Amino acid sequence: MKHNREYEIAWQGLKAGLHTYQYDINDRFMQAKDAPADLKNWDVTVTLKFDKKTGFFMLHFDVDGSVTTPCDRCGDDFSIRLWDEFDLVIKLTGDDAKEPDEDDVVFIPRSETVIDISRWIYEFIMLSVPLQRIHPDKANGEPGCNPMALQLLNKLSEPEDTTKKVIWKGLEELKEKSKKKTKK
């Protein structure tokens with residue numbers, strides 16, 4: 001991905017306190033970050049509340065929007081709503097010290113004057129996409145999936161004919177004979 005200053009925050013020039021940023025994310029941004037190809041028509045707004053403190057920053061990401069995805073049940077595309085909140089703490093370290101990042105804490109050297117948040121925006125948007133993606137039910141309570149696909153799924157889920165096949169007839173006779181022998 002090209003270097004994009006739109007997602008950089010120059011923290012040294014900021015006054016202490018709360019700063020709000022808003023990012024409109026679309027297909028171009030997500031494709032540049034190698035988002036899964038089956039997810040398309042990204043329309044996401046990420047609101048970042050950046051609270052500058054002495055020696056650290058508190059970031060709060062609000063994700064809200066939608067994406068088009070194939071239904072896990074019927075395979076038809078539909079738009080699914082995305083929404084979530086994420087918190088992240090960025091701590092400043094000495095220039096030489098490299099601390100290992102933790103789950104919600106990132107360490108950066110004081111010599112870095114700019115923070116690129118595009119990676120976190122991408123990660124938090126992807127975490128907002130539900131694992132199970134199924135059409136929501138219609139207002140009347142019926143499934144929102146393609147009715148023909150649901151009929152096919154119901155037909156395939158019915159148990160096969162349970163009549164015993166001729167191949168197993170000889171095996172059944174052997175089982176009966178061995179049972180009789182063990183009883184004697």
Side-chain angles (χ1 to χ4, degrees), residues 1-73 75-139 144-145:
M1 182 173 167
K2 291 182 182 177
H3 191 66
N4 194 343
R5 294 194 182 271
E6 180 182 358
Y7 304 102
E8 292 181 348
I9 297 175
W11 61 269
Q12 280 193 335
L14 290 177
K15 293 182 180 180
L18 189 64
H19 305 273
T20 303
Y21 301 90
Q22 186 167 326
Y23 302 95
D24 294 321
I25 306 301
N26 55 24
D27 286 339
R28 188 174 52 91
F29 175 87
M30 297 303 285
Q31 288 169 354
K33 293 286 190 178
D34 293 327
D38 63 337
L39 301 174
K40 54 189 177 251
N41 300 329
W42 293 94
D43 182 21
V44 181
T45 300
V46 177
T47 304
L48 168 63
K49 293 183 180 173
F50 185 92
D51 194 2
K52 182 179 178 186
K53 307 280 187 184
T54 306
F56 69 98
F57 314 117
M58 294 174 54
L59 284 71
H60 179 79
F61 293 84
D62 278 317
V63 177
D64 187 21
S66 64
V67 65
T68 301
T69 179
C71 178
D72 290 340
R73 186 184 301 150
D76 289 353
D77 284 350
F78 75 104
S79 180
I80 193 166
R81 181 154 186 260
L82 306 178
W83 56 271
D84 217 334
E85 296 180 8
F86 300 93
D87 291 315
L88 183 70
V89 175
I90 299 176
K91 291 186 177 180
L92 300 174
T93 63
D95 291 337
D96 298 337
K98 176 62 181 155
E99 302 272 342
D101 291 345
E102 298 172 13
D103 287 341
D104 295 337
V105 180
V106 176
F107 296 91
I108 63 168
R110 289 184 190 278
S111 61
E112 286 191 33
T113 60
V114 175
I115 300 171
D116 183 5
I117 61 164
S118 63
R119 177 186 67 159
W120 297 311
I121 289 175
Y122 173 76
E123 287 178 9
F124 294 149
I125 289 173
M126 291 306 296
L127 287 171
S128 300
V129 177
L131 291 176
Q132 188 175 27
R133 305 173 209 148
I134 297 178
H135 277 100
D137 289 342
K138 295 178 184 175
C145 289

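The first residue of the sequence shown is numbered 1, and numbering continues consecutively from there. Atoms considered below: every heavy atom in the structure, side chains included; atoms not considered: hydrogens, waters and symmetry mates. Keep in mind it's a predicted model, so treat the numbers as computed, not measured.
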Ignoring hydrogens and angles, write down the donor-acceptor pairs under 3.5 Å from the side chains of residues 54-67, residues two or more places apart or on other chains.
residue	atom	partner	partner atom	Å
His60	ND1	Asp87	OD1	2.5
His60	NE2	Asp62	OD1	3.3
Asp64	OD1	Arg81	NE	3.4
Asp64	OD1	Arg81	NH2	2.9

* To do: Working to the nearest 0.5 Å, report the span between CG of Leu127 and CG of Leu82.
  => 11.0 Å

* Structure fact -> Rounded to the nearest 0.5 Å, the OH atom of Tyr122 sits from the CG atom of Asp34 at a distance of 7.0 Å

* **Ring centre gap for Tyr7 and Phe29 strictly below 6.0 Å** => yes

* For Lys91, does the NZ atom sit with more than 12 other heavy atoms under 6.0 Å from it, leaving out its own atoms? -> no

* **pair Tyr23-Ser118: side-chain heavy atoms closer than 4.5 Å** => no

* Taking side chain as C-beta onward, heavy atoms only, is Cys145 less than 4.5 Å from Asp76? -> no

* Sequence neighbours excluded - salt bridge (Lys or Arg N to Asp or Glu O under 4.0 Å) pairs with any residue from residues 12-21 -> none

Tell me which donor-acceptor pairs under 3.5 Å the side chains of residues 35-49 have, and how far apart each pair is, sequence neighbours excluded?
residue	atom	partner	partner atom	Å
Lys40	NZ	Asp77	OD2	2.9
Asn41	ND2	Thr68	OG1	3.2
Thr45	OG1	Asp24	OD1	3.3

* To do: Could you tell me the separation between the OG1 atom of Thr113 and the CD atom of Gln12, rounded to the nearest 0.5 Å?
  => 5.5 Å

* Structure fact -> Heavy-atom nearest pair, Pro130 first then Ile80, reads CG-CD1, 3.5 Å

* Asked: Roughly how far apart are Asp84 CG and Met126 CE, rounded to 0.5 Å?
  -> 13.0 Å

* Structure fact -> salt bridge (Lys or Arg N to Asp or Glu O under 4.0 Å) filter on Asp51, not counting sequence neighbours, yields Lys53

* To do: Provide the full list of side chain to side chain donor-acceptor pair (under 3.5 Å) pairs with a residue in residues 125-138, sequence neighbours left out, each pair given once.
  => Thr69-Arg133

* Show your reasoning for whether side-chain contact (heavy atoms from CB on, under 4.5 Å) applies to Ile117 and Leu88. => CA-CA 11 Å; Ile117 61 164; Leu88 183 70; over 6 Å; no

* Which word best sums up how the rings of His19 and Tyr21 line up, parallel for under 30°, tilted for 30 to 60°, or perpendicular for over 60°? -> tilted

* Asked: Who are the side-chain contact (heavy atoms from CB on, under 4.5 Å) partners of Glu123, not counting sequence neighbours?
  -> Arg119, Trp120

* Structure fact -> CZ (Phe107) and CD1 (Ile90) are apart, to the nearest 0.5 Å, by 11.5 Å

* Would you sort out whether Ile108 and Leu92 count as a side-chain contact (heavy atoms from CB on, under 4.5 Å), showing the intermediate values? => CA-CA 5 Å; Ile108 63 168; Leu92 300 174; 3.6 Å; yes

* Rounded to the nearest 0.5 Å, what's the gap from CD1 on Ile25 to CD on Gln22? Could you check? => 10.5 Å

